[in-house]
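To keep things clear, I will list the structure first and then write my remarks on it.
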Number of protein chains: 2
Amino acid sequence: MAKFSVIKQHLYQKIASGEWPENHLVSSENALAQQFNVSRMTARRALQELADEGLVLRNKGSGTYVAPLKSQTSFMAIRNIADEIANRGHQHQAIVHTLKAQPASPQVAEFLQVPVASKVFFSVITHLEDGVPVQVEERYVNPSMATHYLKQDFTKLTPHEYLSAESPLTEASHQIEAVSPSAQLCEWLRLSKPEPCLRIIRRTWSHAGIVTYAVLTHPGSRFVLGGHLTFKS
Amino acid sequence: MAKFSVIKQHLYQKIASGEWPENHLVSSENALAQQFNVSRMTARRALQELADEGLVLRNKGSGTYVAPLKSQTSFMAIRNIADEIANRGHQHQAIVHTLKAQPASPQVAEFLQVPVASKVFFSVITHLEDGVPVQVEERYVNPSMATHYLKQDFTKLTPHEYLSAESPLTEASHQIEAVSPSAQLCEWLRLSKPEPCLRIIRRTWSHAGIVTYAVLTHPGSRFVLGGHLTFKS
DNA sequence: TAGTGGTCTAGACCACTTT
DNA sequence: AAGTGGTCTAGACCACTAT
């Protein structure tokens with residue numbers, strides 16, 4: 001793993017674990033360069049990337065600080081799909097297509113912050129509402145965060161429920177986009193022909209670090225995401 | 001202005017002007033370093049930042065290429081797309097297709113909580129980012145909340161900005177879904193053929209009541225909604 | 001004044017792709 | 001083999017902030 005990446009990991013752990021709370025001063029470029037025996041430019045890169053990701057704020061002349069957690073746009077509740085279906089008075093059912101360990105692709109390694117080709121857990125599950133597929137969940141899990149992931153019966157418990165119980169989730173980032181589903185996804189969603197799908201890509205953190213990376217795909221005709229937002233007054 | 005910034009501007013102009021179309025090869029790090037008489041690290045930074053912004057794709061061993069147009073946006077876009085585009089350092093432009101009063105259909109009357117067939121304001125605007133359509137905004141406005149709505153120049157001020165100024169917005173509800181665009185929407189978005197679109201349906205309240213109901217449609221290939229969420233415990 | 005981040009240089013070695 | 005991007009070094013000068 002690249003040197004700047006090792007430093008990022010180190011800093012990330014400090015922040016995610018809560019050892020460095022909001023607004024805590026982060027080690028300076030020079031301090032990190034000494035500590036990790038690298039040049040200042042390399043230490044700088046680690047800090048800069050964390051700043052780009054919004055985890056720290058950098059102030060010229062003053063220092064680098066842990067960014068305040070953003071709770072402003074609590075636009076979307078992180079809900080458990082099984083709960084949501086139950087709340088609508090419908091029946092939830094899950095079909096497990098895949099549940100195994102596999103080597104991390106470069107993309108997955110990047111998202112989970114683990115070495116490329118290291119073992120990660122991977123599951124593919126279709127969630128049905130009253131027998132109709134409404135979500136395909138493709139999920140990658142950091143194995144150090146949930147060692148017994150592969151032994152779970154995800155027809156009885158959703159991955160989200162299991163992971164929440166294992167290590168309380170503290171944060172998530174999302175991307176939402178509209179996509180055309182692959183043939184494989186059409187099969188899992190039982191779509192006779194492709195239709196626009198809503199895709200939510202979610203990374204979830206616990207205090208200990210990145211736990212999981214999930215791609216949730218919903219057929220547009222069967223799914224609407226709702227939210228309520230109150231403006232600051 | 002910093003040197004890397006000058007180079008970015010230069011490259012940016014090539015791309016925005018269309019002189020370098022999608023997938024066109026971008027000058028290499030070494031070429032730019034020579035051309036602008038800077039070190040390779042400085043030329044590299046310009047290219048790297050353009051890559052981070054999604055404007056170019058870099059391939060090891062091969063070169064840097066102009067990326068297919070896409071844009072990424074945060075949940076703030078839900079509030080004001082012009083600000084969001086400006087924050088990305090891009091140019092916002094609006095095309096007003098429709099701006100008139102019309103009788104409320106039963107559906108619109110229901111949403112705005114006004115009598116059926118009573119007069120409501122209606123506007124259709126395409127928002128462009130660096131000349132590329134990224135959102136069509138179809139908006140219905142409660143006329144009692146913004147009496148001079150029809151007299152505004154929405155190429156200079158977004159409806160959202162105007163309405164916020166008229167009657168401070170206090171609340172909004174959203175629905176997000178994936179849809180296939182109508183022929184009319186394809187035209188407004190300049191899509192040669194339909195592609196999955198992300199649609200945000202939004203109702204906004206002020207203290208005095210429901211102000212506006214908007215349907216915001218984004219082409220899936222050019223728009224990703226991103227956000228960060230902290231769990232409340 | 002001392003420390004911090006922002007910018008920049010002129011090299012270097014590597015893995016990768018293209019020819 | 002030549003060119004490309006990815007990483008890294010050991011310096012440098014600057015503007016800014018805190019003391």
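Bear in mind the structure is a predicted one, so any value in this text is a computation, not a measurement. The chains referred to below are lettered A, B, ... by the order of the sequence lines, with proteins before strands, and numbering in each begins at 1.
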Between atom CD in B/E29 and atom P in C/dA12, what is the gap in whole Å?
-> 17 Å

Using atom CG of B/L47 as one end and atom P of D/dT7 as the other, report the distance to the nearest whole Å.
-> 14 Å

Return the value, rounded to whole Å, for the distance between atom CZ of B/R44 and atom C1' of C/dT7.
-> 16 Å

Figure out the CG/C1' separation between B/L32 and C/dC8, and round it to whole Å.
-> 16 Å

What string of B, S and - do you get for nucleotides 14-19 of chain C, 5' to 3', if B is base contact, S is sugar-phosphate-only contact and - is no contact with any protein heavy atom under 4.0 Å?
-> --BB--

Residues forming a ring-ring contact (aromatic ring centres under 6.0 Å, His included) with B/Y162, sequence neighbours excluded | none

Closest-nucleotide ordering on DNA chain D, the 5'-leading residue of B/T64 and A/Y65 = B/T64

In whole angstroms, how far is the P atom of D/dT4 from the CG atom of B/L57?
-> 18 Å

Between CG of A/N30 and C1' of D/dC13 the distance, given in whole Å, is 14 Å

Taken in chain and number order and not counting sequence neighbours, the residues that satisfy salt bridge (Lys or Arg N to Asp or Glu O under 4.0 Å) with B/R45 are B/E49

Which residues satisfy the ring-ring contact (aromatic ring centres under 6.0 Å, His included) test with B/F36, sequence neighbours excluded?
-> B/H10

N or O in side chain of B/R58 less than 4.0 angstrom from D/dG6 OP1/OP2 = yes

Under the salt bridge (charged side-chain N to carboxylate O under 4.0 Å, His left out) rule, what pairs show up with a residue in residues 137-153 of chain A, not counting sequence neighbours?
-> A/E137-A/R139, A/D153-A/K156

In whole angstrom, give the distance that lies between atom CD of A/Q34 and atom P of C/dT4.
-> 10 Å

Do A/Y149 and A/Y140 have ring centres separated by under 6.0 Å?
-> no

From CA spacing to verdict: side chain to side chain contact (heavy atoms under 4.5 Å, CB included), A/I176, B/I176 | CA-CA 9 Å; A/I176 302 177; B/I176 302 178; 4.2 Å; yes

With sequence neighbours left out, write down each residue that passes ring-ring contact (aromatic ring centres under 6.0 Å, His included) with B/F4, or none if nothing qualifies.
-> none

Looking at B/R45, does any N or O in its side chain come under 4.0 Å of the phosphate oxygens OP1/OP2 on C/dT7?
-> yes

Can a side chain N or O of B/Q48 be found less than 4.0 Å away from OP1 or OP2 on D/dG6?
-> yes

Do any side-chain atoms of residues 192-200 of chain B form donor-acceptor pairs under 3.5 angstrom with protein atoms, and if so which ones, sequence neighbours left out?
| unit_1 | atom_1 | unit_2 | atom_2 | d |
| --- | --- | --- | --- | --- |
| B/E195 | OE1 | B/S221 | OG | 3.2 |
| B/E195 | OE2 | B/G220 | N | 3.2 |
| B/E195 | OE2 | B/S221 | N | 2.9 |
| B/E195 | OE2 | B/S221 | OG | 2.7 |
| B/R199 | NE | B/T217 | OG1 | 3.2 |
| B/R199 | NH2 | B/T217 | OG1 | 3.4 |

All N/O pairs under 3.5 Å across the protein-nucleotides 9-11 of chain C interface:
| unit_1 | atom_1 | unit_2 | atom_2 | d |
| --- | --- | --- | --- | --- |
| C/dT9 | OP1 | B/K3 | NZ | 3.1 |
| C/dT9 | OP2 | B/S39 | N | 2.8 |
| C/dT9 | OP2 | B/S39 | OG | 2.9 |
| C/dT9 | OP2 | B/T42 | OG1 | 2.6 |

Not counting sequence neighbours, which residues clear salt bridge (Lys or Arg N to Asp or Glu O under 4.0 Å) with A/K3? List them please.
-> none

